[in-house]
Each structure stands twice: as C-alpha cells, then as structure tokens.
Amino acid sequence: MRAIVIEDKQLRWAEVPDPEPGEGEVVVDVTAAAVNRADLLQRQGHYPPPPGAPVYPGLECSGVISAVGPGVGGHHVGERVCALLAGGGYAERVAVPVGQLLPVPVGLSLVEATALPEVACTVWSNVVAHDRLRSGETFLVHGGGSGIGTFAVQLGKALGATVLVTARAAKHERLRALGADVTIDYQEQDFVRVVHDVTGGRGADVVLDIIGAKYLARNIEALAPNGRISVIGFQGGTRTELDLGALMAKRGSVSSTSLRARPPAEKARIVSGVRDQVWPLVAAGVVKPVIHATFPLSEAAEAQRVLESSDHLGKLVLLR
Ligand SMILES: NC(=O)c1ccc[n+]([C@@H]2O[C@H](COP(=O)([O-])OP(=O)(O)OC[C@H]3O[C@@H](n4cnc5c(N)ncnc54)[C@H](OP(=O)(O)O)[C@@H]3O)[C@@H](O)[C@H]2O)c1
C-alpha cells in the first residue's frame, strides 16, 4: 500500500508494507482521514506515536473493513466504519482495535464521518464524562474555530449550555451560526472580562482550554464557583505557576488528558460513550461535522500547511 511517511520533518507519499490485523483488530481500507494539530507536532519530531501504534500520522479515518483478525466478533468485511486511531490514518489501509471503531452516523457520508472521531472522543471525554457540563451552565471554549472548538460549540449547545468562544474576529460569524452565544476576539478583548460581563460576574462553569500555560491564571479568574477547567492543548506553553489559593477560592478543579496516550481499553470506553450519547445527536443533525476543505491524501503536506496557518475553520480532510 501507499502511506505518508515522515522523513527529515517532511511528508512523503511512499510505498510501505500492508498492515495485518492483529488479535482483536480489523483492517480498514481508508476512504478519508482527517488532519489534527497533533500531526504537525509528530512531523516536527515532538509527538512520537505510542508503542505499537502505526508510525504514519493520522488519528482518525473512515472506510470499509477489508480484513478481520482473530478474536473479532460483530464486525465483517465490507462494513462501513469510522475510527479513532493511535496513528496510521494517512495511509491506504490501517489496522484498528475493534474498540476504536464507530459506525458511520446515520445520514453522513464516509467523508463527513472522518471529521468526527477525534474531536467527538476528546470533547466528550473531557466536557461530558469528566467535567459533567449541564444544561443551564456556562461553557467557555478557547479556539472556537479549531476542529475541537467547532465540535465543542455544537455539543455545548446540544447539552443546553450557554457557549462562549475565543477566536479571531474573522471566524465569529461562522461560530455564531454553529451556535456560539458569545464570540470573543482574543486579540482585542480580555476574555476574563467578557466572561464576567456576560455572566453577571459569576464566571464560566466549564472551560475547555487548548492554550495551556499562558491562559491558566486567567482561566481560573474566569471560573465560576465549583468550575472545571480541562486543559487539552499547550499552544501557549506547558510551564507556569498555579495559584492554589485562587483555585481553592473558586472550589475549582483543573484536569488535563491526552486521548492518544490512553490505553486501548480506556479509548474503547470513550468510543462507547460517544456512540451512545453523541452519535444520536449527529444522526438528528444537531451536531454536524464542519469540514473546511479536502485534499488528496498524497497532498497531506499542503493540508498541514493550511492547518498551520490557522486560517481554517473546522477540519481538513484527506481523500484517498
Ligand atoms: N489532549 C487531547 O487529547 C487532544 C486531542 C485533540 C486535540 N487536542 C488539542 O486541541 C487543540 C486543537 O486541536 P485541532 O486539531 O482542533 O486544532 P486546529 O484546528 O489546528 O486549531 C487550532 C486553533 O487554535 C486557535 N488559537 C491559536 N491561538 C489562540 C489563542 N491565543 N486563543 C484562542 N485560540 C487560539 C486558532 O484559531 P484562531 O484563528 O482563532 O487564532 C486555531 O483555530 C490543539 O492544541 C490540540 O493539540 C488535544
């Protein structure tokens, strides 16, 4: 088969060995794969695949099962699926543990479905399973225009939350169309002040943060009593001081997780939660994949260049 390989921090479309399905795995013939910010870090050598994962980039794909490994029940050759991957989506075929397979949501094409597994699993596991965002609460999403952000806005609205997002002004109109109640231009406005203005001084109940160190103190300032902050990205660095007094005064909590590093059994539990709680919202059209552009798989380098520019809104998808 062919796959995108990383050589000297560059992407190259190359002939590589076909994957074989291991115990509890299937092989998926890839129709489409999506690009994630983590893929840029992997290309730059900062985010190696976990042990045992395919070495090619790509954290999600959709396609058709072409082989079934030992010990697999309930799946068959020819089945259309999408999948959460530890790597290997930028390829013509990929071996996937069955716990990471999802059905193609009702009403979506295979290409649309590929834009969902990584964002749905990341956002659901942090915001729903961990932070327990509830109807009537205020949800602050940093980086509303990202793949993660465009999904989080829609899920937050579907759960009945008031959704505030930070993003560059050029993205605000489209974010309001997705359901954002308040858009904050982080280049011109102080998000802490806007959050307090909008909530009558109470603050945000749940914060989904992709900036990390640079925003930690201000996220705590913006937090409501009993608020929860989930840090899932470090675009603003990893090291900073934490004022425990400020956090305690809010009776707040800060957590941080990486989906890719979780063991397969944990990923399977998350995938199962997403299938039960998020897929019905997708089938009902309440939560939709947001695809900015598509590229041939062999032109993954160009797709990564667009992602790096941050001029996109939503996901970039690679087509085989
Ligand atoms: N921990 C996990 O399990 C996990 C899983 C998936 C993703 N992530 C993380 O989640 C983040 C988003 O991933 P993605 O693939 O969806 O990224 P993406 O589509 O490339 O989006 C990144 C976004 O960051 C925004 N941004 C940059 N500086 C900002 C700031 N100071 N304030 C607010 N927004 C800012 C940019 O929007 P503007 O144009 O508005 O600046 C851009 O849209 C990444 O940091 C990624 O590593 C974590």
Side-chain angles (χ1 to χ4, degrees), residues 33-44 46-47 50 57-60 84-87 89 114-127 129-131 140-155 164-175 178 180 183-192 194-195 207-216 218-219 222 229-238 254-262 266-267 270-271 274 289-293 303-317:
V35 181
N36 287 278
R37 189 141 290 244
D39 307 342
L40 308 183
L41 297 175
Q42 180 168 344
R43 172 170 56 77
Q44 291 154 359
H46 303 310
Y47 196 46
L59 299 176
E60 57 197 334
L84 177 70
L85 307 172
T114 203
L116 288 175
E118 175 74 12
V119 292
C121 291
T122 302
V123 176
W124 181 86
S125 59
N126 285 280
V127 171
H130 189 273
D131 294 337
L140 172 63
V141 178
H142 286 301
S146 64
I148 289 284
T150 49
F151 182 86
V153 167
Q154 297 180 80
L155 187 64
L164 285 56
V165 292
T166 60
R168 274 189 284 161
K171 301 180 178 178
H172 286 193
E173 198 178 322
R174 283 171 292 167
L175 288 170
L178 282 177
T183 45
I184 305 168
D185 178 358
Y186 68 85
Q187 291 177 320
E188 298 291 334
Q189 294 173 284
D190 174 8
F191 73 80
V192 178
V194 178
V195 169
V207 179
L208 183 64
D209 178 54
I210 63 172
I211 303 300
K214 193 172 143 197
Y215 275 7
L216 183 63
R218 291 166 71 208
N219 280 336
I229 300 171
S230 274
V231 181
I232 61 161
F234 302 126
Q235 289 174 211
T238 57
V254 181
S255 62
S256 191
T257 59
S258 160
L259 181 60
R260 190 187 199 185
R262 292 190 193 234
E266 263 185 53
K267 285 185 186 160
I270 292 170
V271 164
V274 164
V290 179
I291 297 179
H292 180 83
Q304 287 203 353
R305 196 196 57 71
V306 172
L307 195 87
E308 209 154 15
S309 75
S310 283
D311 287 337
H312 64 294
L313 183 115
K315 301 284 291 188
L316 302 174
V317 166

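We count residues from 1, following the sequence as given. Just so you know, ligand 1 is whichever comes first in the structure, and atom 1 is the first atom listed for that ligand.
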Suppose I only count heavy atoms of [X] and a 4.0 Å limit; which atoms of ligand 1 are within that range?
{"X": "Y215", "value": "30 (C), 31 (N), 32 (N)"}
{"X": "G233", "value": "45 (O)"}
{"X": "G143", "value": "33 (C), 34 (N)"}
{"X": "S258", "value": "1 (N), 2 (C), 3 (O)"}
{"X": "T166", "value": "33 (C)"}
{"X": "G147", "value": "16 (O), 19 (O)"}
{"X": "K171", "value": "37 (O), 38 (P), 39 (O), 40 (O), 43 (O)"}
{"X": "A167", "value": "40 (O)"}

Would you confirm whether [X], through its side chain, and [Y], through its main-chain N or O, come within 3.5 Å as a donor-acceptor pair?
{"X": "H292", "Y": "L313", "result": "yes"}
{"X": "R260", "Y": "Y47", "result": "yes"}
{"X": "H142", "Y": "V207", "result": "no"}
{"X": "S256", "Y": "I232", "result": "no"}
{"X": "Q42", "Y": "A38", "result": "no"}
{"X": "E60", "Y": "E118", "result": "yes"}
{"X": "T122", "Y": "V119", "result": "no"}
{"X": "N36", "Y": "D39", "result": "no"}

Any side-chain heavy atom of R218 sitting closer than 4.5 Å to one from D190?
yes
Is the closest side-chain heavy-atom distance between L84 and L259 below 4.5 Å?
yes
List the closest protein heavy-atom neighbour of [atom]: residue, atom name, distance to the nearest 0.1 Å.
{"atom": "atom 23 (C) of ligand 1", "answer": "S146 CB, 3.7 Å"}
{"atom": "atom 9 (C) of ligand 1", "answer": "I232 O, 3.5 Å"}
{"atom": "atom 11 (C) of ligand 1", "answer": "I210 CG2, 3.5 Å"}
{"atom": "atom 13 (O) of ligand 1", "answer": "I148 CG1, 3.8 Å"}
{"atom": "atom 28 (N) of ligand 1", "answer": "Y186 OH, 3.7 Å"}
{"atom": "atom 42 (C) of ligand 1", "answer": "S310 OG, 3.5 Å"}

A38: heavy atom below 4.0 Å from ligand 1, yes or no?
no
Are R305 and D311 ion-paired here, with the side-chain N under 4.0 Å from a carboxylate O?
no
Judging by distance only, is a nitrogen or oxygen of L259 under 3.5 angstrom from one on ligand 1?
yes
Under 3.5 Å between any N/O of E118 and any N/O of ligand 1: does that happen in this structure?
no
Have a look at [options] and point out the one with the heavy atom closest to [atom].
{"atom": "atom 1 (N) of ligand 1", "options": "V119, I211, L59, T257", "answer": "T257"}
{"atom": "atom 45 (O) of ligand 1", "options": "Q235, H312, K214, R37", "answer": "Q235"}
{"atom": "atom 40 (O) of ligand 1", "options": "R168, H142, R262", "answer": "R168"}

Does the pair H130 and T257 meet the rule for a side chain to side chain contact (heavy atoms under 4.5 Å, CB included), with working shown?
CA-CA 10 Å; H130 189 273; T257 59; over 6 Å; no
